[in-house]
Undergrad: 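Here's a structure for you.
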Amino acid sequence: MSALESHPRFVSLEGGEGAGKTTVLTALREALAATGDEVVCSREPGGTPLAEKIRGLLLDPAHEPATPQAELLLMFAARAQHVHETIAPALARRAW
């Protein structure tokens, strides 16, 4: 068993709007799925029902703009939920 096979695998794609994240994600997801491995794709903020609601609050222009501190706390709240419900269970199942 190689080192890669014995450890959880996590890939994060970062970049601004129009950087090509979706294109890279599609190709990577297809290549990994072709090996027979489970591939879990999600986004931040978001990735769970609660985190998606937090995302909606952050992006909804109908709400007053969040202070930088409030935005940071909301982002970390969404991330905590995402890690607990989506990322950690996927890694425990040895999914990508």
Undergrad: Quick one, W96 and V11 - any side-chain contact, counting heavy atoms below 4.5 Å?
TA: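 Result yes, sub-4.5 Å side-chain heavy-atom pair found.
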Undergrad: Evaluate L32 against D37 for side-chain contact (heavy atoms from CB on, under 4.5 Å), listing each step before the verdict.
TA: CA-CA 6 Å; L32 292 171; D37 288 335; 5.5 Å; no
Undergrad: Contact between E30 and L28 at the side-chain level, heavy atoms closer than 4.5 Å - yes or no?
TA: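 Result no, sub-4.5 Å side-chain heavy-atom pair not found.
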Undergrad: Answer yes or no: is there a side-chain heavy-atom contact under 4.5 Å between T48 and T86?
TA: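 Answer yes - side chains close enough.
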Undergrad: Are any side-chain N or O atoms of K21 and backbone N or O atoms of L13, one a donor and one an acceptor, separated by less than 3.5 Å?
TA: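 Not at all, since once roles are kept as given, no pair shorter than 3.5 Å links the two residues.
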Undergrad: Quick check: closest heavy atoms across V39 and R29, and the distance to 0.1 Å?
TA: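 Minimum heavy-atom separation between V39 and R29: CG1-CG, 3.9 Å.
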Undergrad: So, taking the atom named CD1 in I87 and the one named CZ in F10, what distance separates them when rounded to the nearest 0.5 Å?
TA: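 The CZ atom of F10 is 4.0 Å from CD1 of I87, to the nearest 0.5 Å.
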Undergrad: Step by step, work out the side-chain contact (heavy atoms from CB on, under 4.5 Å) result for E38 and V40.
TA: CA-CA 7 Å; E38 178 188 1; V40 176; 3.6 Å; yes
Undergrad: Please tabulate, for the side chains in residues 77-84, all donor-acceptor contacts under 3.5 angstrom to protein atoms that are two or more places apart in sequence or on a different chain.
TA:
unit_1	atom_1	unit_2	atom_2	d
R79	NE	E44	OE1	3.0
R79	NE	E44	OE2	3.2
R79	NH2	E44	OE1	2.7
Q81	NE2	E85	OE2	2.3
H82	ND1	E44	OE2	3.2
H82	NE2	S42	OG	2.6

Undergrad: Under 3.5 Å, which donor-acceptor pairs link side chains of residues 50-59 to any protein atom two or more places apart or in another chain?
TA:
unit_1	atom_1	unit_2	atom_2	d
E52	OE1	R43	NH2	2.7
E52	OE2	R43	NE	3.2
E52	OE2	G47	N	3.0
R55	NH1	P45	O	2.8

